[in-house]
K.L.:
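So that we are looking at the same thing, I have put the structure below in structure tokens.
All values below come from the heavy atoms of this structure, side chains included, with hydrogens, waters and symmetry mates left out. So you know, we letter chains A, B, ... as the sequences are listed, proteins then strands, and number each from 1.
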Amino acid sequence: MADAAAPAPPTPEATPSDLAVDDELAIYRVMLLARTFDERALALQRQGRIGFYAPAVGQEAAQVACAWALESGDWLFPSYRELGVALVRGTTPEELFDQFLGNAADRLHGRQMPNHYGFRDRNFVVASSPIGTQVTQAVGAAMAAVRRKDRVVTVAFFGDGATSSNDFHAGLNFAGVFRTPTIFFCQNNGWAISLPRERQTASKTLADKAAAYGVPGLVVDGNDVHAVFRAVRDARARAVAGEGPTLLEAQVYRLGPHSTSDDPRRYRSEGEVDVWRQRDPIGRLRHELIEAGHWSEADDAKLLEEVRGEVAEAIRRSEAKPPSPPASFFDDVLATPPPSLEAERREFERLLAEGVVKP
Amino acid sequence: MADAAAPAPPTPEATPSDLAVDDELAIYRVMLLARTFDERALALQRQGRIGFYAPAVGQEAAQVACAWALESGDWLFPSYRELGVALVRGTTPEELFDQFLGNAADRLHGRQMPNHYGFRDRNFVVASSPIGTQVTQAVGAAMAAVRRKDRVVTVAFFGDGATSSNDFHAGLNFAGVFRTPTIFFCQNNGWAISLPRERQTASKTLADKAAAYGVPGLVVDGNDVHAVFRAVRDARARAVAGEGPTLLEAQVYRLGPHSTSDDPRRYRSEGEVDVWRQRDPIGRLRHELIEAGHWSEADDAKLLEEVRGEVAEAIRRSEAKPPSPPASFFDDVLATPPPSLEAERREFERLLAEGVVKP
Amino acid sequence: MTETTIVQAVNRALREAMQADPDVLLLGEDIGVNGGVFRATEGLFKEFGADRVIDTPLSETGIIGTAIGMALYGLKPVAEIQFMDFIYPGFDQIVSELTKFRYRSGGQYPCHVVIRTPYGGGIKGGLYHSQSTEAYFAHTPGIKVVVPSTPADAHGLLLSAIQDPDPVLFLEPKRIYRSVSGEVPDGAGPEPFGHARVVREGTDVSVFAYGAMIPPAAEACEGVAADGVSAELIDLRTLVPLDEASVLASVEKTGRAVVVHEAPRFCGFGAELAAILAERAFFSLRAPVARVTGYDTPFPYALEQLYLPDAARIRRAIVDTARAG
Amino acid sequence: MTETTIVQAVNRALREAMQADPDVLLLGEDIGVNGGVFRATEGLFKEFGADRVIDTPLSETGIIGTAIGMALYGLKPVAEIQFMDFIYPGFDQIVSELTKFRYRSGGQYPCHVVIRTPYGGGIKGGLYHSQSTEAYFAHTPGIKVVVPSTPADAHGLLLSAIQDPDPVLFLEPKRIYRSVSGEVPDGAGPEPFGHARVVREGTDVSVFAYGAMIPPAAEACEGVAADGVSAELIDLRTLVPLDEASVLASVEKTGRAVVVHEAPRFCGFGAELAAILAERAFFSLRAPVARVTGYDTPFPYALEQLYLPDAARIRRAIVDTARAG
Ligand SMILES: Cc1ncc(C[n+]2csc(CCOP(=O)(O)OP(=O)(O)O)c2C)c(N)n1
Ligand SMILES: Cc1ncc(C[n+]2csc(CCOP(=O)(O)OP(=O)(O)O)c2C)c(N)n1
Ligand SMILES: [Mg+2]
Ligand SMILES: [Mg+2]
């Protein structure tokens, strides 16, 4: 049992904030919505109502504060765990459940497992499962943005495990050479499924890897919304000023299972999890807000009720929608399907009409 | 024209040597043999007598001194440019020409382009063209050596360009995590075909990349046999003592073309090459030996004649050998060929017998 | 002797091979204390320790590259790739290195790496936990490709793979990891490669399938009896080496063939079977060679049951083929 | 109007596309001041600058991954992979990402990347500078696969590839880069995909080939006239989309087919052609479908001329096929 996976505890002093109180409250709301959403999604999976789920529990501060520091024109390249980011970008719980169910309203037309959503109009690129592949893509998009003279950054979101991927290496290297306006936002949540961070790589920190590419790297306490916000805002400012990319390592902890297919008790101790539960970013921000007099237990109870209602209503609406139409899985392979695929679709439609295949 | 590709000039003071004079003289001999061999091989290619060649000109000190510091039980994973290493391991010019010609004496049975040789009995693994792939393999062999309790190291040889490869990243990372007895011997010769070192990566040095994997990294003047010898010997000692891997960056310069398919005048200035010609490792060692009274111009002329004769004789003997037998390209795919391949061989032999296919 | 599942048979073969030969070791992601995401390596970490059941960093390049190095040195590594869909970061090491070492070295460096990986659809895995790309590997000279469909084959063929002097890609039908069970006799040994198995004899149509397609194909072959068609079902078991003799013999008897796989049709393994028949059983064939396969789209999620060949689709193809010509 | 080589036609198409559309840019290894190791990008660095002719670090993962990012953003990147043999470090980006973006996003993210790469043997390149693995890509839904055999096609099909809204793998027959020349009319425009070209009409046997196999296939078709055989040669030009109608029409006429490619036979592209014929031209076929291909070995060096299909081998297969049955 690898308790050593836990990064050093964050400094207890609160970071002086660059966030206005309204922002703090809004961030807090999204974090609570994310947590509530995750809990309900895990329950739905246990009830067999969705097929799979990977929660972001414990990573809300890092995700929400990061997204808060970005502009809507910035392009985000998420992994499958960026719930908080998606919510900041205006994604609704209903849209997410539509994707999980692959129903007729799902923008992906039922093509992907839960968590692998994407929304072009929000510059939130559709996620995939292979670890790390979004990293080079984010760099390429940044090169394109420079060519178009758009003052935007691209952000690659990935985990500690992804630092071992081919694309991490190539992406950071290209970014260093071409000085692209890219933020590499690594959420080191201590684990890559069952592999603890210190057996993923022998480097002292993940941020240390940046130097190998001539890129600045920074460790930030991922449970501190202020620290994350400031780090991302600064990295963004440098990037749009033409000063190049930054690797940020947000140290967080995956409080939940890797996904609903995972049983973390097989590989980590409850004791380790308990240590990190004390640092729960939601409790921490709530405490700060209450201490500062901006929030109360009563406000909190009311907000919790509100977000629970919002999530419940989203589920109700999503589940009421019809499934994706049967032949829709033939669409979107290529703009113009090749003859072989057209023939297959005709064959499929014949089998469907004859009742050999049943939707 | 990217003159900036040239690493900082080596310190002019001679490194105090750990090498006995006999060793120095023996190293010098191999270096001169390598240079002579390269010149003749380039000429043979221009005459159409071999199909391709990639010379090691300028990298002799790094290669020969590195190999000199190793033990015969150590496993070497070369790239296509490790002539000096192969010679130290006892490979003869004739064996090399046999490989270049793919004649009946070639141990590879005519399967590979020139330069891609390998000799199992010398623990000199057969090279391949894809850049970097030998790096992870060297790490795996080191893990195996540890499991077998063999006190040997494995050495991955590669260039500056190869540091951008997937396998560099994975190999260094695995080596760091498993603390394998591996030496990563990077010959930074300033160029990856036409790409200068400083556009290959933005890291300050290539040795700096080691820290990303918790591995020690060291820059060494690759034109200084003493410095290379000591660095490799020390890395080896650490490795067999269980202290893990080392990345060495030997700063050298590719004085010749990338290969016979390359025309370096397209992308680099003669001026840059001239600067490095002043630092030619062979001239430097010769000068040192003469200054120290261990060598004379007359010795040198005699040695040159001797190695020229050796190379000429090797060519003569290799060219006199018969080609690989026609159907031999069907061998060694798998220990037991699948039925499809057996059928193809029979078909081929029939076509051969009928004169449709002509050897 | 008790009933065993496919994943248990894999586990048992790994344990037996490791007990028998200290050179056998395992490496992969989450295979150690976690026992593998499908539990194929359950208990082995405890029994053999971290030296022989190696949890690697998240890099298929690293897994396959280091496995090759181990094999060159003389060990017998068995690498697990968590899902076949994630083999591609290691694809260069497979096609450029693993499959070419023996050849390019003139036989000096055989390279006996086994790569185990769960493949195929039917588990609601979407695009990236469902693919079957056996054709990429079957097209690559220098590697054997094995696909068991029963616990006994999973056990016996995996034992063979580990003893084999050459690279073997061992594809495990994850959809039936637990749903198909059967006996693996005590002391059962390696099962030789290159021998197809006649699952069911028949006289009218030959059906060729492998892996997770065997259960629906068997159901279809049962079903067509009601249509008055006698179908012969052949489980290919090893795609490389392919038991061409059995394939040809069956079609020489029946004159008709249906090929089943879940991979997309275009340039899939079924194309090779059809080509072999069009070349070498041409004068026996009495009907077009039918292919029942996944469609030429990426693997979908919500509608995967419509994408995957099932008994009904296979049955229809068998009947059509029986009646054609 | 002058004679042009294939590599010059590629160069010209790149220049014209870049002149016409500022969103077109090139990236790859040694394509800038060096002009590409085959000189396909000669002069373009000078004309368009380092922003549009981007020399990348040595990483195919990076080349294809960043090209995808550029395409998602709206540019039209044309990536050069120095040799097809070196595409595998970027294979994951191709099969997991490039080919699946449109699909997995429900059409939100088309991904118009062109990957140009020289393929094939005959230049004494050995195992790693000679391979033809078009079948891997043709089997992967979501990408088009194009193989020109003439300067006019290299030019016209490349212009189409760059305008295409989808990923295109553009395979350049390096062996005939300079040895085949022909005219490309001034103002020649894009050549649509999906149309095979009848190189030579004939009545007895249909010969299907593409890329660098066209010259030996053409020579063989000439040659068999002396044997009294009239061979029809079809240049497929685009493997995906495949012009199935032309393939079927030709075999419906001749009743006989020979398929030629340099890739290994087993599960090669020729298997798909044979399978299509065995399925959909079955009742027209009067002889076994023959395949003349590279053998199922890695690509050799010293003996490559024995490995590669040549006019004599193709001719023999045509004559045998004409006389069979
Ligand atoms: C290339 C690849 N290999 C293996 C997997 C299986 N897998 C899915 S998630 C995961 C761990 C990822 O860890 P990390 O990057 O730390 O992200 P986290 O899940 O902790 O957010 C693994 C190994 C995969 N998806 N892709
Ligand atoms: C994966 C891969 N991509 C591209 C190439 C083509 N190529 C051959 S050598 C070379 C440059 C290698 O540079 P470096 O690693 O510095 O070694 P050097 O040749 O300078 O010794 C390139 C790009 C290749 N062999 N492999
Ligand atoms: Mg993690
Ligand atoms: Mg170099």
Side-chain angles (χ1 to χ4, degrees), chain B residues 1-2 51-52 101-103 106 108-114 116 128-133 159-167 192-195 199-201 261-263 266-267 323-333 337-338 340-341 344-345 347-348 351-352 354-359, chain D residues 29-39 42 45 50 55-62 82-83 85-90 92 123-130 264-267 291-307 309-317 319:
Chain B
M1 293 299 147
F52 167 91
L101 295 168
N103 66 25
D106 171 20
L108 313 188
H109 305 170
R111 304 272 167 64
Q112 290 225 76
M113 285 173 81
H116 294 68
S128 72
S129 309
I131 294 295
T133 47
D160 45 303
T163 62
S164 295
S165 71
N166 297 340
D167 284 282
I193 309 185
S194 71
L195 197 72
R199 286 200 278 137
Q200 188 64 246
T201 180
S261 313
D262 179 50
D263 177 4
R266 295 178 69 93
Y267 53 78
S324 285
S328 67
F329 73 83
F330 282 101
D331 298 335
D332 303 320
V333 181
S340 45
L341 185 58
E344 288 173 9
R345 185 200 276 265
E347 180 188 315
F348 175 81
L351 292 172
L352 204 60
E354 295 175 8
V356 175
V357 165
K358 291 181 194 66
Chain D
E29 294 160 10
D30 305 298
I31 66 168
V33 56
N34 198 39
V37 298
F38 287 100
R39 308 287 172 252
E42 177 91 53
F45 180 79
D55 267 326
T56 67
L58 206 170
S59 168
E60 290 74 15
T61 302
Q82 205 162 83
F83 285 82
D85 314 68
F86 304 138
I87 205 168
Y88 307 113
D92 188 39
I123 61 151
K124 277 282 204 176
L127 282 90
Y128 299 111
H129 298 80
S130 305
R265 177 173 310 180
F266 201 77
C267 289
R291 288 185 281 174
V292 186
T293 65
Y295 298 105
D296 287 310
T297 77
F299 201 99
Y301 172 70
L303 300 169
E304 72 166 342
Q305 81 287 3
L306 299 180
Y307 177 89
D310 61 6
R313 259 172 78 197
I314 300 168
R315 180 170 168 173
R316 159 59 65 97
V319 171

K.L.:
Among B/Val357, B/Leu195, B/Leu108, B/Thr201, which has the most heavy-atom pairs under 4.5 Å with chain D?
P.N.:
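The option with the most such pairs is B/Leu195.
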K.L.:
How close do D/Ser59 and B/Ser164 get, heavy atom to heavy atom, and via which atoms?
P.N.:
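Where D/Ser59 meets B/Ser164 most closely, the heavy atoms are CB-O, 3.7 Å.
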K.L.:
For chain B, which of D/Glu42, D/Glu29, D/Arg315 has the most heavy-atom pairs under 4.5 Å?
P.N.:
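Heavy-atom pairs under 4.5 Å are most numerous for D/Glu42.
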K.L.:
Sort out for me which of B/Glu344, B/Arg111, B/Arg345 touches chain D most, counting heavy-atom pairs under 4.5 Å.
P.N.:
B/Glu344
K.L.:
Relative to chain D, which segment of B/Thr133 carries a heavy atom at a distance below 4.5 Å: side chain, backbone, both, or neither?
P.N.:
neither
K.L.:
Would you mind telling me which of B/His116, B/His109, B/Gln200 has the largest number of heavy-atom pairs within less than 4.5 Å of chain D?
P.N.:
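Ranked by contacts with chain D, first place is B/Gln200.
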K.L.:
Fit a plane to each ring of B/Phe329 and D/Tyr307, take the angle between them on a 0 to 90° scale, and name the class: parallel (under 30°), tilted (30 to 60°) or perpendicular (over 60°).
P.N.:
perpendicular
K.L.:
Do D/Tyr128 and B/Gln112 make a side-chain contact, defined as non-hydrogen atoms from C-beta onward lying under 4.5 Å apart?
P.N.:
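The answer is yes, as the side chains (C-beta and beyond) meet within the 4.5 Å cut-off.
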K.L.:
Tell me, do B/Ser340 and D/Arg265 make a side-chain contact under 4.5 Å, heavy atoms counted?
P.N.:
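SC-SC contact between B/Ser340 and D/Arg265 ruled out.
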K.L.:
Could you tell me whether the side chain of D/Leu303 reaches within less than 4.5 Å of the side chain of B/Ser328, counting heavy atoms only?
P.N.:
yes
K.L.:
Should D/Val37 and B/Ser261 count as side-chain neighbours, where that means a heavy-atom distance under 4.5 Å?
P.N.:
no
K.L.:
Taking the side chain as every heavy atom from C-beta outward, state whether D/Gln82 and B/Ile193 have any pair of such atoms under 4.5 Å apart.
P.N.:
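Yes, at least one pair of side-chain atoms sits under 4.5 Å.
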